[in-house]
Amino acid sequence: MPTFPSVEWFNAIKDIVNNDANFRQLGTVDTVAGVKVGDKIYELTFEAFECTNVREVGENQLRDMDFWLELPYDGWKDMLQNIKQHGAADLTHTLNTIDLQTPEGFAKSHDGYRVDAFFRFNQSLQDFFNASAKIDTQFAAPEAVSA
């Protein structure tokens with residue numbers, strides 16, 4: 001059972017979407033996105049119809065990403081548990097809703113133009129996270145994601 005957050009967990013999701021013909025129907029996704037959970041940062045590379053790479057990176061690599069998604073650990077856990085419970089995010093737990101409800105924004109970037117990739121590829125990114133409903137997720141202890 002993969003633990004969230006970890007490269008293993010993101011790779012499990014990557015394997016699901018890369019083998020899902022429905023993911024291809026949304027069109028191509030060309031972006032380098034980050035996921036920040038506490039002090040942990042994961043870089044997800046999407047090319048054409050698949051996620052091609054997942055790796056853990058440091059804070060300095062955020063500047064090289066188109067955008068990153070940043071929530072406190074409890075926010076990520078709540079979203080992923082909701083996805084598991086319903087098979088996909090309900091309307092209050094979608095990436096778009098979370099972005100709208102987060103005063104400082106959920107999608108962040110050092111470049112105002114590059115953050116647009118979040119909105120352009122939002123449905124594909126949502127489907128990526130929704131695929132987590134197909135695996136059993138173990139959650140790291142909150143102190144494991146913060147220094």
Side-chain angles (χ1 to χ4, degrees), residues 1-47 49-59 61-62 64-109 114-147:
M1 179 180 328
T3 300
F4 179 86
S6 69
V7 169
E8 176 190 22
W9 187 88
F10 284 105
N11 275 328
I13 305 308
K14 177 183 91 155
D15 292 344
I16 292 168
V17 299
N18 287 354
N19 292 301
D20 182 356
N22 291 325
F23 190 73
R24 292 176 165 271
Q25 291 179 354
L26 297 171
T28 61
V29 181
D30 292 299
T31 194
V32 177
V35 174
K36 187 171 181 186
V37 185
D39 294 334
K40 303 283 186 181
I41 302 168
Y42 300 90
E43 180 185 84
L44 311 174
T45 303
F46 293 89
E47 297 175 356
F49 296 103
E50 61 185 14
C51 180
T52 58
N53 192 42
V54 174
R55 67 186 185 129
E56 187 171 353
V57 298
E59 188 84 23
Q61 279 73 35
L62 289 173
D64 298 326
M65 297 177 194
D66 294 319
F67 63 90
W68 69 91
L69 304 175
E70 183 174 345
L71 272 181
Y73 173 81
D74 289 340
W76 284 110
K77 185 175 180 181
D78 181 50
M79 180 186 80
L80 295 173
Q81 287 176 327
N82 177 270
I83 289 170
K84 182 67 172 179
Q85 178 182 359
H86 300 287
D90 68 16
L91 293 178
T92 61
H93 290 86
T94 66
L95 302 178
N96 194 47
T97 299
I98 293 168
D99 186 63
L100 290 170
Q101 292 179 343
T102 305
E104 63 282 354
F106 173 48
K108 301 176 184 292
S109 180
R114 291 174 68 191
V115 74
D116 184 56
F118 168 71
F119 303 100
R120 191 170 345 129
F121 303 123
N122 185 278
Q123 188 57 58
S124 295
L125 296 167
Q126 185 65 63
D127 282 6
F128 181 86
F129 282 99
N130 284 349
S132 69
K134 296 178 181 175
I135 64 169
D136 289 325
T137 297
Q138 178 176 338
F139 290 93
E143 59 273 9
V145 297
S146 298

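Since the model is a prediction, treat every value here as computed from it, not as a measurement.
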Find the distance between [atom1] ([X]) and [atom2] ([Y]) and round it off to the nearest 0.5 Å.
X	Y	atom1	atom2	answer
N22	Q25	CG	CD	5.0 Å
R24	N18	CZ	CG	8.5 Å
T102	L69	OG1	CG	10.0 Å
M79	T92	CE	OG1	11.5 Å

Using a 4.5 Å cut-off on heavy atoms from C-beta on, say whether the side chain of [Y] contacts that of [X].
X	Y	result
D66	F121	no
D136	K84	yes
L95	N122	yes
D64	V32	no
V145	P5	yes
M65	I41	yes
T28	F49	yes

Given E47 and D30, is the side chain to side chain contact (heavy atoms under 4.5 Å, CB included) satisfied, shown in steps? CA-CA 5 Å; E47 297 175 356; D30 292 299; 4.2 Å; yes
Can you tell me if NZ on K40 sees more than 12 non-hydrogen neighbours from other groups inside 6.0 Å?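 No, the 6.0 Å shell around NZ holds no more than 12 heavy atoms from other groups.
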Shortest non-hydrogen contact between [X] and [Y], atoms and distance:
X	Y	answer
I135	A12	CD1-CB, 4.2 Å
F23	S124	CE1-O, 3.3 Å
C51	V54	SG-CG2, 4.0 Å
D99	A107	OD1-N, 3.0 Å
L71	G75	CD1-C, 3.8 Å
S109	R114	OG-CB, 4.2 Å

List the steps, then state whether side chain to side chain contact (heavy atoms under 4.5 Å, CB included) holds for F67 with T31. CA-CA 9 Å; F67 63 90; T31 194; 3.5 Å; yes
Keeping the roles fixed (side chain from D20, backbone from I16), state whether a donor-acceptor pair exists under 3.5 Å.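 Answer holds: no.
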Donor-acceptor pair, distance only, cut-off 3.5 Å: does the side chain of Q81 make one with the backbone of D78?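 Judged by distance alone, no pair lies under 3.5 Å.
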Residues in side-chain contact (heavy atoms from CB on, under 4.5 Å) contact with T94, at least two apart in sequence or another chain: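 side-chain contact (heavy atoms from CB on, under 4.5 Å) check on T94 returns A89, N96, T97, Q126.
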Just jot down the ring-ring contact (aromatic ring centres under 6.0 Å, His included) partners of Y42, sequence neighbours excluded, or say none.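 Once residues adjacent in sequence are excluded, the partners of Y42 under the ring-ring contact (aromatic ring centres under 6.0 Å, His included) criterion are F10.
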Using the salt bridge (Lys or Arg N to Asp or Glu O under 4.0 Å) criterion, which residues pair with [X]? Sequence neighbours excluded.
X	answer
K134	none
R120	D116
E50	none

Going by the angle between their ring planes, with limits at 30° and 60°, are F128 and F46 parallel, tilted or perpendicular?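 Because their plane-to-plane angle is over 60°, the rings of F128 and F46 count as perpendicular.
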Applying side chain to side chain contact (heavy atoms under 4.5 Å, CB included) to W68 and V57, what does each step give before you reach the verdict? CA-CA 12 Å; W68 69 91; V57 298; over 6 Å; no
Tell me which pairs pass ring-ring contact (aromatic ring centres under 6.0 Å, His included) where either residue lies in residues 84-109, with sequence neighbours left out.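 Counting only pairs at least two positions apart or across chains, the ring-ring contact (aromatic ring centres under 6.0 Å, His included) contacts touching residues 84-109 are W76-F106.
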Would you sort out whether V17 and D127 count as a side chain to side chain contact (heavy atoms under 4.5 Å, CB included), showing the intermediate values? CA-CA 8 Å; V17 299; D127 282 6; 5.9 Å; no
